[in-house]
J.: 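First, the structure itself, so that you have it in front of you.
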Amino acid sequence: MTRTRAREAAVRLIYAQAASGLAPDELVEEYFEPEHLASLAEEEGAITERPDEAQLGYIKRLVSLAAEHRLELDELIRRHARGWKPERISRTAMAVLRCALTEIEYLDDPEVTPGVAINEAVQLAKSFEEPETVAFINGVLGGFVRGGDEGPESGE
């Protein structure tokens, strides 16, 4: 499994964790059980392979850190989401943003620079979201990295 696919798995699991409230480690283990992966075989684009131990550790760290820091992450998103009402931000966009901000703020991995996290988030969002939302995600993350409180102004 590539780092990009591991990140995609993390986004899916961050989404599921926020919706279910399950413990991150439990959720990750359940997702990658052979029976569950087999049940996804017919789903287009689904992750159907178990990651190696290094990628599984990466996914677990992202999902756990995103859950642990969810309130702080959501506040960062809110501050940089100017012009977008919170209820307008889809759950998928929130999961992508939480994942990228977790990588930037909390992961402490020298291989994942802010630029890499933003690029990966934007590329991943393109497979789930409309162009306007992809631009919004890019704007929120770019605004955060630049350090200002300015965010995208469009989208009310």
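Only heavy atoms go into these numbers, but all of them, side chains included; no hydrogens, no water, no symmetry mates. Small disclaimer: the values here were computed from a predicted structure and weren't measured.
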J.: Could you measure the distance from the CZ atom of R91 to the CD1 atom of I14? Nearest 0.5 Å is fine.
T.: 15.5 Å

J.: Just wondering, do E105 and H69 contact through their side chains at under 4.5 Å, heavy atoms?
T.: no

J.: Check whether Y31 forms a cation-pi arrangement with R12 (NZ or CZ under 6.0 Å from the six-membered ring centre, at most 45° off the ring normal).
T.: no

J.: Looking at every heavy atom in both L22 and Q17, which two are closest together, and how far apart are they?
T.: O-NE2, 2.9 Å

J.: Are R98 and I77 packed together at the side-chain level, in the sense that at least one heavy-atom pair is separated by less than 4.5 angstrom?
T.: yes

J.: If I compare all heavy atoms of V140 with all of A81, which pair ends up nearest, and what's the gap?
T.: CG2-CA, 4.1 Å

J.: Could you tell me the separation between the NE2 atom of H36 and the OG1 atom of T48, rounded to the nearest 0.5 Å?
T.: 11.0 Å

J.: CG of L101 to CG of L107: how many Å apart, nearest 0.5 Å?
T.: 12.5 Å

J.: Consider only side-chain N and O atoms of Y106 and E72, and report whether a donor and an acceptor are under 3.5 Å apart.
T.: yes

J.: Linking I/L/V/M/F/W/Y whenever any side-chain heavy atoms sit under 4.5 Å apart, do L65 and Y15 land together?
T.: no

J.: May I have the step-by-step check of side chain to side chain contact (heavy atoms under 4.5 Å, CB included) for V112 and E120, ending in yes or no?
T.: CA-CA 10 Å; V112 182; E120 290 282 335; over 6 Å; no

J.: With the side chain counted from C-beta on, respond yes when T133 and F128 share a heavy-atom pair under 4.5 Å apart, and no when they do not.
T.: no

J.: Assess whether a salt bridge exists between D74 and R79, defined as any Lys/Arg side-chain N lying under 4.0 Å from an Asp/Glu carboxylate O.
T.: no

J.: Drop me the distance from L71's CG to R78's CZ, to the nearest 0.5 angstrom.
T.: 12.5 Å

J.: For E49, is there an ion pair with R5 - N to carboxylate O distance below 4.0 angstrom?
T.: no

J.: What is the minimum heavy-atom distance between H80 and G143, and which atoms define it?
T.: CD2-C, 3.3 Å

J.: Between R50 and E33, is the closest basic N to carboxylate O distance under 4.0 Å?
T.: no

J.: Hey, does D109 have a side-chain heavy atom less than 4.5 Å from the side chain of R61?
T.: yes

J.: Start with the C-alpha gap between I59 and M1, add the side-chain angles, then the distance that decides, and say whether side chain to side chain contact (heavy atoms under 4.5 Å, CB included) holds.
T.: CA-CA 11 Å; I59 293 165; M1 174 179 288; 4.2 Å; yes

J.: Please give me the minimum heavy-atom distance between Q55 and A6, naming the atom from each residue.
T.: OE1-CB, 3.7 Å

J.: Going from CD on Q123 to CD1 on I118, what distance comes out if it is rounded to the nearest 0.5 angstrom?
T.: 12.5 Å

J.: What distance do R7 atom CZ and T102 atom OG1 have between them, rounded to the nearest 0.5 Å?
T.: 11.5 Å

J.: Taking C-beta and beyond as the side chain, do Y58 and V63 meet within less than 4.5 Å on heavy atoms?
T.: no

J.: Does the side chain of L62 reach to within under 4.5 Å of the side chain of C99, using non-hydrogen atoms?
T.: yes

J.: Should K60 and E29 be marked as a salt bridge (Lys or Arg N to Asp or Glu O under 4.0 Å) after you check the CA-CA gap, both sets of side-chain angles, and the distance that decides it?
T.: CA-CA 9 Å; K60 282 183 179 181; E29 286 302 325; 2.6 Å; yes

J.: Can you give me the closest heavy-atom contact between P114 and I104, atom names plus distance?
T.: CA-CG1, 4.0 Å

J.: Using the six-membered ring wherever Trp is involved, compare the ring planes of W84 and F136 and label them parallel, tilted or perpendicular (cut-offs 30° and 60°).
T.: parallel

J.: Under the side chain to side chain contact (heavy atoms under 4.5 Å, CB included) criterion, do K126 and V122 qualify, and how do the steps go?
T.: CA-CA 6 Å; K126 287 178 180 178; V122 167; 4.0 Å; yes

J.: Looking at every non-hydrogen atom in both residues, tell me the closest pair between E103 and A117 and how far apart they are.
T.: OE1-CB, 3.8 Å

J.: Below 4.5 Å, heavy atoms only, C-beta onward: do L97 and L73 meet side chain to side chain?
T.: no

